[in-house]
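Read the structure below first, then the notes.
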Amino acid sequence: MSVIAPRVPRAALALALAGLASGCSGASVLDPAGPVAEGNRANLLSALAIMLAIVVPTLIAIIAFAWWFRAGNPRAKHRPEFVFSGRIELVVWSIPLLVILFLSGVIWIGSHRLAPEAPLGPAGRALEVQVVSLDWKWLFIYPDEGIATVDRLVVPAGRPIRFRLTSASVMNAFFVPRLGSMIYAMNGMETHLHLQADRPGRYYGQSAQFSGDGFADMHFTLQAVPPPEFARWTAEIRGTGRTLDRTSYRALAQQGHAARGLAFGRVDPGLFGAIVTQAIPPAAGPKPAPGGQQVSG
Amino acid sequence: MSAAEAQEDPYVLGRGRGGADAAGEGRGGDDARPSGRGEGGPAPKRTVVGYGFWIYLLSDIILFAGFFAAYAVLSGDLAGGPGPQELFEQRRLALETAALLISSFTCGLAGIAAGRGAMLRTQGWLLVTGLLGAVFLGLEVQEFATLVAEGAGPQRSAFLSAFFALVGLHGLHIAAGLLWAGTMMAQLAVKGFRPAIERRLMCFALFWHALDIVWVGIFTVVYLLGLAG
Amino acid sequence: MSVLGKLDWSAIPIDQPIPLAAGGGAIALMLAALGWVTVKGHWPYLWREWITSVDHKRIGVMYVVLALAMLVRGFIDAIMMRTHQALTVGGGSGYLPPEHFNQIFSAHGTIMIFFGAMPFMVGLMNFVVPLQLGVRDVAFPRLNSTAFWLTASGALLVNLSLVLGEFARTGWLPYAPLSERSYSPGVGVDYYLWAVQIGGVGTLMAGINIVTTIVKTRAPGMGYLRMPMFCWTALCASMLIVAAFPILTATLTMLTLDRYLGFHFFTNAAGGSPMMFVNLIWAWGHPEVYILILPAFGVFSEVIATFSGKPLFGYRSMVAATLFITVVSFMVWLHHFFTMGAGANVNAAFGIATSIIAVGTGVKIYNWLFTMYGGRLRFPTPMLWSLGFLFTFIIGGMTGVLLAVPAADFILHNSLFLVAHFHNVIVSGTVFGAIAGYTFWFPKAFGFTLDERWGKRAFWLSLAGFVIVFGALYIAGLEGMTRRLQHVAVAQWGPLLYVSVAGVAVMIAGVAAQITQLVVSIRRRDALRDDTGDPWEGRSLEWATPSPPPAFNFATLPEVGGEEPYWRIKERAIASQQERSASDYEPITMPRRSATGFVTAFFATVIGFAMVWQIWWLAALGLVCAYGAFVAFAWRDENEDTFSAEEVARIERARRGAAA
């Protein structure tokens with residue numbers, strides 16, 4: 001979406017990051033693997049370029065003024081009565097104002113083009129995935145395929161994914177850095193997010209909103225695979241015997257990580273809706289312990 | 001500050017009038033000097049105290065605004081429980097409102113009496129104010145007790161939580177006001193009219209009237225809109 | 001339930017060596033200090049001159065002492081977080097289990113904001129504002145004392161959680177529903193609630209006091225547009241306190257009702273709205289940012305003008321920019337949660353509003369720049385901190401505007417980029433401002449300057465450490481690393497975390513140099529003594545008083561003309577104004593010392609502690625005693641002391657005599 005191509009800062013950033021980040025296998029938001037992340041990065045860099053246009057001269061001016069007007073410099077003209085200038089005031093108000101005006105355009109266009117709820121591409125092409133954040137793992141339900149997985153998200157590369165998110169208990173944020181935008185998952189609420197992985201690969205994902213003792217383990221892998229392989233994978237999962245219904249969901253929603261990597265071949269189709277509408281009550285938290293402490297289950 | 005003044009700069013540091021005078025220690029409100037706009041120096045104490053208390057009241061109104069906002073957000077969240085129309089009772093509401101509004105009037109009368117230095121009348125009107133406040137508080141406690149007995153306590157739904165908190169916060173302020181009024185009556189009886197006590201009376205009056213205004217807000221937002229459905 | 005509520009022996013974390021050692025160490029340190037005071041017989045002096053003092057200068061100093069202690073405590077938390085996280089790279093387990101790590105980052109934020117940065121700013125305002133206004137005290141001296149002791153009470157409660165029970169594990173803003181009883185059944189959040197609530201009431205009192213002081217009690221002739229810039233920023237920050245802190249009080253009260261009485265404001269169940277908590281807390285939280293930064297802007301204005309040898313450039317423009325920031329700061333809170341899914345229009349509107357605030361800040365930066373233009377710059381420590389601020393704050397402001405772009409925030413929200421940003425503005429804004437103010441006004445408070453050599457070492461080390469730590473964290477954020485991770489799963493972040501630990505080491509050296517500076521300066525105080533009362537060629541009225549100023553500040557209230565009264569007077573005749581005949585003096589009435597504040601705060605602590613542990617009878621007893629104390633203090637007949645004219649003349653001559 002960026003109107004101007006900010007080549008200079010990109011080069012500078014790349015330079016700063018070189019040596020620190022080893023290749024593309026990390027989780028860098030500056031190394032996009034999908035259209036949304038590209039849009040995010042373009043927004044970030046164009047805003048940065050606009051800002052740098054005034055920030056860099058200002059930084060230079062600070063050093064220059066401080067150096068030149070040091071008390072020991074006999075060549076600097078001392079002007080103690082230079083305390084107001086209407087012209088300068090006009091300039092110092094209008095420069096930031098103009099920059100912000102320009103930036104406002106970027107903000108407005110970017111917020112609309114990259115609105116998380118806005119679909120990518122024509123309707124019907126997207127794969128729907130229902131995401132439930134549990135204490136402390138992610139449940140991914142594929143309603144059309146009738147399967148579900150925990151902490152493992154496999155999607156077809158090149159196809160948009162429509163995420164519908166909620167939480168079993170406390171707030172979390174669903175975030176795959178290299179695919180772009182994150183969104184909160186909240187109990188009794190449904191949020192939407194559209195992402196797409198352009199190329200096959202494994203992408204690091206995690207919760208970005210602190211959610212309790214097991215929070216640091218709330219990371220998962222998003223694996224983008226070629227579409228035929230995705231079909232093979234779903235068939236394979238469907239073949240596993242486990243069923244995700246209200247009973248097994250209740251066990252799954254207990255605090256802990258034991259369920260990591262679990263897969264379900266059959267899913268109660270009304271489950272996600274029941275969690276959102278709180279027909280299934282919110283999951284329980286830790287237990288109180290003596291001495292005013294608490295233990296996570 | 002005019003431009004000429006700034007250029008000439010007629011003030012000389014330390015050329016001031018006497019310290020105690022300029023500080024306006026313990027002055028009554030009759031001080032003729034313009035106060036607080038920078039020309040005359042520090043304002044008289046009564047002005048300062050009154051102003052400070054206004055600022056406090058402002059912050060208190062913002063506190064209430066927080067609870068009003070929460071009520072506005074949550075008033076529809078009945079969670080299957082009873083709503084305003086099933087819970088609010090008009091007769092009690094009318095009585096409560098009348099008691100509080102009249103108490104504001106009698107509080108004003110107490111202020112006038114205090115201004116004239118009429119001890120007995122001041123005490124009398126303060127007593128009436130306190131009694132009316134107690135009547136209000138009693139009615140409110142009765143309302144709360146009835147609601148809780150009907151199973152419509154604050155734990156029932158978010159709406160009821162917000163209702164109990166907002167109305168209860170106002171009730172808590174009234175209770176604090178009663179304690180304040182009682183303490184001040186005792187103080188007045190023992191110490192008589194002193195500048196400090198007069199200032200406290202002034203603050204109490206401001207406090208009490210502010211609670212009246214908040215009640216008008218509660219009356220409208222919670223009860224009238226609630227009953228209108 | 002037992003007599004002591006939920007409190008029993010198991011509240012002492014015997015099985016957790018780190019908090020126990022830290023808490024034990026702190027207690028030992030306190031006992032040692034108390035023991036030393038007792039042995040040396042300093043209690044009567046401390047009680048008379050400090051604890052019960054209602055002198056705004058003393059209270060200001062106590063605020064700063066509290067703030068410095070808490071900054072060190074918060075800094076220790078920071079060291080633990082950074083080192084622990086670095087140790088977990090590549091599958092290490094570090095030395096902090098999650099339940100402890102989570103307490104540490106929660107305590108770090110709570111302490112730094114509420115009991116470090118805020119008291120520092122309030123302390124500077126307390127000390128400086130009446131002096132700059134040319135008056136003898138704040139509007140409500142006893143309220144002032146109460147405000148301070150309530151803040152101290154809150155700080156005490158937070159630190160008590162080290163050795164009794166636990167602190168919140170929810171982050172410095174306890175987002176619901178995580179902070180609700182169902183997901184945080186321990187006493188941690190309760191400690192947070194009562195400590196912050198009590199401290200917050202103290203802050204509100206301080207705000208009311210400073211607003212009233214500035215609006216209603218200024219020296220004759222001190223019109224609004226003659227006030228020094230610091231007074232303006234103090235006024236705006238205090239107005240923000242008055243307008244914003246009640247929202248915090250309301251929000252925390254609602255959470256308290258949820259936790260204690262089963263209300264449903266923010267619960268998942270029964271129609272409660274966790275999103276309302278997020279909105280309410282940031283409706284306070286964003287103005288809070290400006291409460292922290294505005295007084296620092298005031299400090300920089302004073303320092304840069306003084307050491308440029310010029311009045312502040314574009315004074316009226318600066319006032320306008322300050323007021324602009326004050327107003328707009330209430331309209332931007334949603335930028336803290338663009339990722340909640342409020343929709344494109346709402347996000348864009350708040351993003352634009354947020355970046356508009358940067359206009360006010362930009363104007364300020366340019367005016368500081370032009371203050372230096374044509375000046376004769378000297379570079380003592382306060383000026384170095386100010387230049388360090390100017391340089392780094394611009395970067396922090398820029399990254400802030402980047403985060404205000406919703407589409408960019410979608411990938412940076414809750415990342416270490418965000419963490420680096422707000423440290424970039426709070427550390428290089430508020431903390432640098434606090435230290436600049438501390439070194440600038442220290443000679444005014446104590447009559448001797450701080451050692452320059454150690455001051456400069458402290459500055460360069462802190463600046464270097466700061467740049468290294470947060471430079472690394474900025475990049476880590478761009479590398480996709482999010483905040484509050486007890487252990488890290490991506491090996492690529494390792495090098496950045498190691499770099500930040502190296503930066504922390506440099507910062508430790510900086511803090512050590514800062515402490516050394518104080519010790520060295522106290523030892524060398526005779527050599528560093530400043531008899532003029534004006535060591536910096538100051539530009540406002542506080543420099544017209546002797547150092548330290550007498551209890552009544554000004555023997556005769558100054559009459560003021562011009563924006564920089566003291567400077568203009570100095571330009572005419574420096575010495576003449578000090579010579580005055582005895583007949584010029586008149587008696588001065590000052591408020592008498594009072595234990596009101598201390599006693600009130602004592603009972604507040606008791607009530608807070610009792611509520612945390614649900615010892616209902618103790619809470620009720622505390623409340624009754626507080627009321628009793630309140631009445632007893634209100635019953636006092638004599639609240640003022642009078643200095644006779646001779647006494648005033650004698651004190652003034654003695655102080656001025658030292659100057660001659």
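Just so it is clear: chains get the letters A, B, ... in the order the sequence lines come, proteins before strands, and each one is counted from 1.
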Would you check, one step at a time, whether the test side-chain contact (heavy atoms from CB on, under 4.5 Å) holds for Met186(A) with Met340(C)?
CA-CA 9 Å; Met186(A) 296 172 283; Met340(C) 201 180 251; 3.6 Å; yes

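- Looking at Ile62(A), both its backbone and its side chain come within 4.5 Å of chain C, counting heavy atoms on both sides.
- In this structure, CG on Asp409(C) lies 12.5 Å from CG on Leu114(A), to the nearest 0.5 angstrom.
- Residue Ala491(C) does not touch chain A at all, counting heavy-atom pairs closer than 4.5 Å.
- In this structure the side chain of Ile183(A) never reaches within 4.5 angstrom of the side chain of Thr339(C), judged on heavy atoms.
- Between Tyr183(C) and Pro282(A), the closest side-chain pair of non-hydrogen atoms falls below 4.5 Å.
- Distance check, rounded to the nearest 0.5 Å: OG of Ser207(A) to CG of Leu485(C) gives 9.0 Å.
- For Phe105(C), the part lying under 4.5 angstrom from a heavy atom of chain A is the side chain only.
- Taken to the nearest 0.5 Å, the OH atom of Tyr204(A) stands 8.0 Å off from the CE atom of Met481(C).
- Within the 3.5 Å criterion, the main-chain N or O of Ala342(C) finds no donor-acceptor partner in the side chain of Glu117(A).
- Residue Asn73(A): no heavy atom, backbone or side chain, is found under 4.5 Å from chain C.
- At a 4.5 Å heavy-atom cutoff, Arg181(C) makes no contact with chain A through either its backbone or its side chain.
- Counting only heavy atoms from C-beta outward, the side chains of Gln294(A) and Arg169(C) approach each other to under 4.5 Å.
- A heavy-atom distance below 4.5 Å is found between the side chains of Leu478(C) and Leu44(A).
- Residue Leu7(C) does not touch chain A at all, counting heavy-atom pairs closer than 4.5 Å.
- Neither the backbone nor the side chain of Met218(A) comes within contact range of chain C; no heavy atom of the residue lies under 4.5 Å from a heavy atom of that chain.
- When heavy atoms are compared at a cutoff of 4.5 Å, Phe379(C) approaches chain A solely by way of its side chain, counted from C-beta outward.
- Annotation: side chain of Phe210(A) is in contact with side chain of Asn102(C) (closest heavy-atom distance under 4.5 Å).
- Looking at Asn367(C), only its side chain comes within 4.5 Å of chain A, counting heavy atoms on both sides.
- Val488(C) does not touch chain A: none of its heavy atoms, backbone or side chain, sits under 4.5 Å away.
- Within the 4.5 Å cutoff, the side chain of Ile352(C) has heavy atoms near those of the Trp108(A) side chain.
- Both the backbone and the side chain of Ser184(C) come within less than 4.5 Å of a heavy atom in chain A.
- The distance between the ring centers of Tyr184(A) and His413(C) falls below 6.0 angstrom.
- Inspection of the Asn414(C) and Gln209(A) side chains reveals an N or O donor paired with an N or O acceptor under 3.5 Å.
- Residue Thr191(A) touches chain C through its side chain alone, counting heavy-atom pairs closer than 4.5 Å.
- Contact of Ala476(C) with chain A is not made at all, since no heavy-atom distance falls under 4.5 Å.
- For a residue to count as touching a neighbouring chain, one of its non-hydrogen atoms must lie under 4.5 Å from one of that chain's; by this rule Tyr373(C) touches chain A with backbone and side chain alike.
- Residue Ile365(C) touches chain A through its side chain alone, counting heavy-atom pairs closer than 4.5 Å.
- At a cut-off of 3.5 Å, with distance as the only test, a side-chain donor of Tyr366(C) or Thr58(A) sits close to an acceptor on the other residue.
- For chain C, the nearby parts of Ala208(A) are the backbone and the side chain; heavy atoms of each come within less than 4.5 Å.
- Looking at Glu89(A), only its side chain comes within 4.5 Å of chain C, counting heavy atoms on both sides.
- Interface residue Asn268(C): backbone and side-chain heavy atoms are both found under 4.5 Å from chain A.
- Heavy atoms of Ala173(A) lying under 4.5 Å from chain C are absent altogether.
- Looking at His78(A), both its backbone and its side chain come within 4.5 Å of chain C, counting heavy atoms on both sides.
- Separating the OG atom in Ser28(A) from the CH2 atom in Trp493(C) is a distance of 10.5 Å, to the nearest 0.5 Å.
- With values rounded to the nearest 0.5 angstrom, Phe65(A) atom CZ is found 7.5 Å from Met372(C) atom CE.
- In this structure, the portions of Ile54(A) lying under 4.5 Å from any heavy atom of chain C include both its backbone and its side chain.
- Annotation: the span from Ile100(A) atom CD1 to Ser355(C) atom OG amounts to 4.5 Å, rounded to 0.5 Å.
- With a threshold of 4.5 angstrom between heavy atoms, Met383(C) does not approach chain A through any atom at all.
- Taking the six-membered ring for Trp, Phe82(A) and Phe313(C) have ring centres closer than 6.0 Å.
- Neither the backbone nor the side chain of Leu164(C) comes within contact range of chain A; no heavy atoms are under 4.5 Å apart.
- At a 4.5 Å heavy-atom cutoff, the contact between Gln293(A) and chain C is made by backbone and side-chain atoms alike.
- Looking at Ile88(A), only its side chain comes within 4.5 Å of chain C, counting heavy atoms on both sides.
- Within the 4.5 angstrom heavy-atom criterion, only side-chain atoms of Phe175(A), from C-beta onward, approach chain C.
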